[in-house]
Amino acid sequence: MIIEKLSYQYVAPGNEVVEAELREHDAGTDEFLFEHFQLLSQKAESDNTPRASFREEEAKNLFSKLEKGDDEEFLDAATIFTGRLVSEMDRRASDGLLVFARFIENDVTSTAVLKLDVVSKHAGVLRQVADGSQNLEAVRDVLDSPGKIQKALITPDLREDSEVIVSDRLSKAADYFVRAFGIIIDSRPIEAVLTIVQVVAQEVPEATAKVVSVLPTIDSGPLEETLDSLVVQVPELEPKREVIETSLREHQRPIRHIDTAAGLKAKITAGSITITGPAETIDKSTSWSSITSHEWTIQVASTTEPKKTYGK
């Protein structure tokens, strides 16, 4: 695999954006960027990496230029995206080096967009790279190391129902990054299951415990198929089925695919005492009742003898 085109620019809140330019790169730089690319691609094979898609046609067209355009189109897309990113950055966003790289292997092209942050206090090094006085190979030790990058995108994504591989370390606090690139991220598997239960609890609260119990018995699959199976086993959901599906699809991080095997946890809090465990087990094994208007008793049924330990 080789890097056919490479461009990068220093980015910071309020920073001036200049026209992107093609950068020279040596074997060390190629290796450094390819390691990032390879590790992110491998993580996409895990079901824990969320699917993502373009929420706007302009962003999709710009990525097409990054992946298949000539020099002028590649640089034009990089300049536009850099401007969009800087406009989305606020004081909470860290300075970084925004890298656009086109990889080619066996005539197949892929694009990686990486925001490399400084992992030491030597922020000036990014400007030295951006103005050409140093190259990436010379300063790689102070940048995010492969596997630890927080903000990255790769296209194309060969997974079903996904157009972009997004760094699975990207937190909601970094939503400015995906907004700038016109991308919407699906919920992670465990988030999707939790959201289903939360929406059911809001719309059909009396069916919540039954849904928690039934979900693990249903095959994983697209949202519509999962809800079809769920309604068959929990018919109480039928009157609110359309409302539930709409709410899930319009969630901040949409839900289009359900991994029913994703373990859902439950927690019971009683003053300073907390009881946690698999949601289905908690629902089946615990109950509580009021003694007075200000006192409650919790019962926990167990098939093994309880044990008590002390710790911090």
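Residues take their numbers from the sequence shown, with the count starting at 1.
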With side chain to side chain donor-acceptor pair (under 3.5 Å) as the rule and sequence neighbours excluded, what pairs involving residues 100-110 come up? E4-R102

Which residue, E224, K240, E250, forms the side chain to side chain contact (heavy atoms under 4.5 Å, CB included) with E245? E224

Please tabulate, one pair per line, all N/O donor-acceptor pairs under 3.5 Å involving side-chain atoms of residues 73-81, not counting sequence neighbours.
unit_1	atom_1	unit_2	atom_2	d
E73	OE1	D70	N	3.0
T79	OG1	A20	N	2.8
T79	OG1	L75	O	2.9

Are I268 and W288 packed together at the side-chain level, in the sense that at least one heavy-atom pair is separated by less than 4.5 angstrom? yes

Does one side chain, of D95 or Y10, offer a donor that lies under 3.5 Å from an acceptor on the other? yes

Nearest heavy atoms of H257 and P222, plus distance in Å: CD2-N, 3.9 Å

Is the closest side-chain heavy-atom distance between H251 and S187 below 4.5 Å? yes

Quick one: do V11 and L97 satisfy side chain to side chain contact (heavy atoms under 4.5 Å, CB included)? Show the steps, please. CA-CA 6 Å; V11 291; L97 198 67; over 6 Å; no

How far apart are the closest heavy atoms of H25 and D30, and which atoms are they? ND1-OD1, 2.7 Å

Distance-minimising heavy-atom pair for S7 and R23: CA-CG, 3.9 Å

Assess R84 against F181: is NZ or CZ under 6.0 Å from the centre of the six-membered ring, and within 45 degrees of the ring's axis? no

Using atom types as modelled and distance alone, determine if a side-chain donor or acceptor of S229 lies under 3.5 Å from a backbone N or O of E225. yes

So, do D228 and R241 sit near enough that their side-chain heavy atoms are less than 4.5 Å apart? yes

Which residue pairs pass the ring pair (Phe, Tyr, Trp, His ring centres under 6.0 Å) test when at least one of the two sits in residues 88-108, sequence neighbours left out? F37-F103

